[in-house]
Amino acid sequence: MKTLPVLDELTPFQAPYMPVLLALVKQLQAEFSEQIHSIYLNGSVAARCARTERSDLNITLVVNRSLSASENRVLDTLCQQIAYRYNVITQVDLTVVTRDEVMTLASIFKWGFWFKHCSVCLYGDSLATQFGLFEPSWEIAKAFNSDIKTVLADCSSKIMATKSVTEYNALCRKVGKKMLRSCFMLVAHRTSSLAYSEQQCADFFLHFYPDKTVDIERIQILINGPQVPKRAALFLVEHVGDWIVAEFEKIEKKIG
């Protein structure tokens, strides 16, 4: 079986995103210089297929120790300020993980794969060098979707409770992106390619599940708008989310 592709580390990123990348790395260094081990770019911007004013900026921050509550608040504020200043992106989607967690044997199918195949190092010592190339694997899919039930339930509860339009739209976007990525992970072990954008996730999934076109279109509306009524959003999360969970369980029983 062929190994999975890796992201290009030499070709310049799309020009509209360079100012925001430079600003974000500079501010992270200024605020967290002692805590930072390395900073990585992920997603469509890393793959050079982002769409201006439509794509998130996906960042992974590896730290030498867990951040305190106050440090996490500073980090959240920093990301919000960057997103406000640079309208080329919709938001900064930042994941924080400790170096020790990355390097555990139990995390190899998640973090090893993530840094080797889904990341471009922007600052620090790249952890990609610590891992070999990965082949398409159901173990990778499981590593990235073990939390799907929790995410779906949490987002549904928050959607029902919120009275803020801004929060509601953010929750719809979050749960929609989670479902779309999970759809790709259902088929990732059957392809030798990777999906870095929302559209790529949809295209790979629909190749194997063409009967799910309407569901994918509805998920994309949940992510990109226009805003849908709460009842419709909750029905979609329950209807499609339950199907994704059941399909994962079915494949797990088959593959093991």
Side-chain angles (χ1 to χ4, degrees), residues 4-9 13-14 17-18 20-50 55-68 71-83 86 89-104 106-134 140-141 143-148 151 173-174 177-178 180-182 184-185 188 194-198 200-201:
L4 292 165
V6 296
L7 285 167
D8 181 3
E9 295 188 346
F13 299 115
Q14 293 162 280
Y17 298 96
M18 290 304 298
V20 63
L21 289 173
L22 291 170
L24 180 60
V25 171
K26 182 178 180 180
Q27 290 194 34
L28 286 172
Q29 288 177 281
E31 293 285 352
F32 301 97
S33 59
E34 294 183 2
Q35 297 94 322
I36 292 176
H37 173 273
S38 43
I39 305 170
Y40 303 83
L41 178 63
N42 313 103
S44 58
V45 180
R48 286 80 167 179
C49 62
S55 297
D56 296 346
L57 183 64
N58 299 101
I59 299 290
T60 303
L61 177 64
V62 179
V63 291
N64 294 312
R65 60 163 176 80
S66 297
L67 299 183
S68 66
E71 287 171 331
N72 277 312
R73 287 194 292 271
V74 170
L75 192 58
D76 288 342
T77 300
L78 187 157
C79 290
Q80 291 169 10
Q81 291 174 341
I82 288 288
Y86 297 92
I89 59 171
T90 55
Q91 66 178 20
V92 178
D93 185 357
L94 189 143
T95 300
V96 181
V97 62
T98 65
R99 185 184 183 281
D100 287 346
E101 183 180 350
V102 171
M103 299 308 295
T104 61
S107 297
I108 189 168
F109 284 108
K110 181 174 183 178
W111 294 117
F113 162 76
W114 184 247
F115 289 113
K116 192 67 178 182
H117 294 279
C118 304
S119 305
V120 176
C121 187
L122 300 177
Y123 171 80
D125 296 326
S126 176
L127 291 173
T129 61
Q130 303 297 310
F131 304 96
L133 294 170
F134 287 74
I140 293 172
F144 277 89
N145 287 280
S146 60
D147 64 342
I148 185 167
V151 172
R173 184 172 176 81
K174 176 181 177 179
K177 288 170 73 71
K178 179 62 177 178
L180 194 54
R181 292 192 194 102
S182 295
F184 168 68
M185 282 300 174
L194 291 173
Y196 297 105
S197 69
E198 294 165 14
Q200 288 171 349
C201 287

**Q** I need the minimum non-hydrogen distance between S44 and Q14, along with the two atoms involved.
**A**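 What the structure gives for the nearest pair is O-OE1, 4.2 Å.
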
**Q** Going by the angle between their ring planes, with limits at 30° and 60°, are F144 and W114 parallel, tilted or perpendicular?
**A** tilted

**Q** Does a sphere of radius 6.0 Å around NZ in K174 hold more than 12 heavy atoms from other residues, nucleotides or ligands, not counting ones at 6.0 Å or beyond?
**A**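 Atom NZ in K174 is not crowded, with 12 or fewer foreign heavy atoms closer than 6.0 Å.
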
**Q** So, are D56 and R173 salt-bridged, with charged N and O less than 4.0 Å apart?
**A**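 Yes, D56 and R173 are salt-bridged.
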
**Q** Could you please spell out the steps behind the side-chain contact (heavy atoms from CB on, under 4.5 Å) verdict for F13 and L41?
**A** CA-CA 10 Å; F13 299 115; L41 178 63; 3.5 Å; yes

**Q** If only atom types and distance count, is the side chain of S197 paired as donor or acceptor with the main-chain N or O of Q200 below 3.5 Å?
**A**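 Present.
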
**Q** Determine yes or no for a side-chain-to-main-chain donor-acceptor pair under 3.5 angstrom, with R48 supplying the side chain and D8 the backbone.
**A**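 A pair under 3.5 Å: yes.
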
**Q** State which residues pass salt bridge (Lys or Arg N to Asp or Glu O under 4.0 Å) with E101; sequence neighbours excluded, sorted by chain then number.
**A** none

**Q** Which donor-acceptor pairs under 3.5 Å do side chains of residues 122-132 form with protein atoms, sequence neighbours excluded?
**A**
residue	atom	partner	partner atom	Å
S126	OG	A128	N	3.2
T129	OG1	S126	O	3.0

**Q** Might you point out which heavy atoms bring L61 and I36 nearest each other, and give the distance in Å?
**A**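 Here L61 and I36 meet closest at CD1-CG1, 3.8 Å.
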
**Q** Counting only N and O atoms by type, is there a donor-acceptor contact under 3.5 Å from the side chain of H117 to the main-chain atoms of L133?
**A** no

**Q** Looking at every non-hydrogen atom in both residues, tell me the closest pair between V62 and F115 and how far apart they are.
**A** CG2-CZ, 3.5 Å

**Q** For a side-chain contact (heavy atoms from CB on, under 4.5 Å) check, start with the C-alpha distance between F109 and F134, then their side-chain angles and the critical distance, and finish with the verdict.
**A** CA-CA 9 Å; F109 284 108; F134 287 74; 4.3 Å; yes

